[in-house]
K.L.:
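Submitted below is the structure of interest, expressed as structure tokens.
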2 protein chains.
Amino acid sequence: MAKKKGEEPGLSTEEKIKAAAQRVFMKKGYAATRTRDIAEEADINLALLNYYFRSKEKLFDLIMMEKLSKFFGGIAPVLNDPGTTLEQKFTLVSNNYIDLLIANPDLPLFILSEVRTNPERFVSNLPVAKIIDSSFIKQLQERQPDVHPLHFLMNLLGLSVFPFIMRPVFRASGVMSDKMFKTRMEERKAAIPKWMVAMLKAR
Amino acid sequence: MAKKKGEEPGLSTEEKIKAAAQRVFMKKGYAATRTRDIAEEADINLALLNYYFRSKEKLFDLIMMEKLSKFFGGIAPVLNDPGTTLEQKFTLVSNNYIDLLIANPDLPLFILSEVRTNPERFVSNLPVAKIIDSSFIKQLQERQPDVHPLHFLMNLLGLSVFPFIMRPVFRASGVMSDKMFKTRMEERKAAIPKWMVAMLKAR
DNA sequence: GTCTATAACCTGATAGAC
DNA sequence: GTCTATCAGGTTATAGAC
């Protein structure tokens, strides 16, 4: 008798559907998700999904936009702040991301999978382009003019986010348990800023 | 008048279907792909897909297994070779991956997206677990006993693979053109081994 | 081997009763 | 707001003619 999720009594029907949709979409992706899966997960009648959200696509867009701003929204202000040093930005970005992703491990792979199938639709209205002339990029150019600054942006994001992308592989292959994975990620919060500084000086 | 791909005259019907299926599956993923898409892309009759490959699922499994061994197969022998130094392994892994992914940029996101929806099915029979007691892990432990060796494995893979995972975002947001992206990736072949050495010494 | 036609099923969405 | 019943369209797969 599998205990259903989404049975918190305090939630309205609309909230129950949305919460269930988040879980199912995040797990299976848009195309593989059936509205019946969501209705079952939310423990509501199938017709109520369309009553509250009009269509599967509208419900998905609503959730996708929230996840996008969760994943990309936090980083822009940090990178654009001229009041922090490069080292401080390394720490802020990596620690913000790791904390966020420990709480939401499936977030990056969900977003990047869906973006892949529909890039222009979801990315076009994001403030990603602003990164190019951010304070972060300028500080990198001053500190290390020999290496293109985008390399260090990719390195910082890669060191912080990539382990969560590989997590399903580590998990299913038995390389790391969930507990061990979390321990490693906590260790990385202190390590990544040091590694970034070391890479800046490398030659 | 969109020119159809997969019209190379030398290919048999079976090969045309398989080649078309690779393109469509890689672009849209298993769930969003319709057998009609594949038949159209291959410019063959829909019924021939089932005649040659029995079902959509069997065709997908065939392709998925090939892609998995392409992505994971090359790394294990390198990491397990006791005859190469740590620095040589950094160079071999990063350069092998970057060359492979410049030729197949969509490979990692395709694999990781599909693995996510069905982890045990695709990962369980991979030799990923062998990495734990590989020569690479032992060499890392000797060189830097203070940091868990899996960190440096994640770093090496992240530095090499992660840019290709973010590529749809860079592309759609206009941060990097395809040509610029390739230039950066070529630069990383020389840079990543140096960065890895620098991270080993960091503190 | 290749085609047309169609079976059998599934999916998103809605009409209409309560 | 919530339910049952059902529609309309799409999907995989196959039977059978050529």
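Bear in mind the structure is a predicted one, so any value in this text is a computation, not a measurement. Worth knowing before you read on, the calculation uses all heavy atoms, side chains too, and leaves out hydrogens, waters and symmetry mates. Sequence lines set the chain letters: A, B, ... in the order given, protein chains first and strands last, and positions in each chain run from 1.
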K.L.:
Provide, to the nearest angstrom, the distance between the CG atom belonging to B/Asn45 and the C1' atom belonging to D/dT12.
P.N.:
14 Å
K.L.:
Please enumerate all residues that pass salt bridge (charged side-chain N to carboxylate O under 4.0 Å, His left out) together with B/Glu14, with sequence neighbours excluded.
P.N.:
none
K.L.:
Holding to ring-ring contact (aromatic ring centres under 6.0 Å, His included), I want the full list of residues that pass it with B/Phe53, two or more places apart in sequence or in another chain.
P.N.:
none
K.L.:
Restricting to ring-ring contact (aromatic ring centres under 6.0 Å, His included), what partner residues turn up for A/Tyr52, sequence neighbours left out?
P.N.:
none
K.L.:
Identify, with sequence neighbours excluded, every residue that meets side-chain hydrogen bond (donor to acceptor under 3.5 Å, both in side chains) alongside B/Arg36.
P.N.:
none
K.L.:
Hey, where on DNA chain C does chain B first and last touch, going 5' to 3'? Cut-off is any atom under 4.0 Å from a heavy atom.
P.N.:
C/dG1 to C/dT4
K.L.:
Among residues at least two apart in sequence or on other chains, which ones pass ring-ring contact (aromatic ring centres under 6.0 Å, His included) with B/Tyr97?
P.N.:
B/Phe71
K.L.:
Check each residue of residues 49-66 of chain B for a non-hydrogen atom within less than 4.0 Å of any atom in DNA chain C, then write out the ones that pass by number, or none.
P.N.:
B/Tyr51, B/Tyr52
K.L.:
Figure out the CD1/P separation between B/Ile17 and D/dT12, and round it to whole Å.
P.N.:
14 Å
K.L.:
Who are the ring-ring contact (aromatic ring centres under 6.0 Å, His included) partners of B/Phe152, not counting sequence neighbours?
P.N.:
A/Trp195
K.L.:
Would you say that more than 12 heavy atoms from the other residues, nucleotides or ligands in this model lie under 6.0 Å from the CZ of B/Arg184, or not?
P.N.:
yes
K.L.:
With B/Lys28, which residues qualify under salt bridge (charged side-chain N to carboxylate O under 4.0 Å, His left out), at least two apart?
P.N.:
B/Asp37
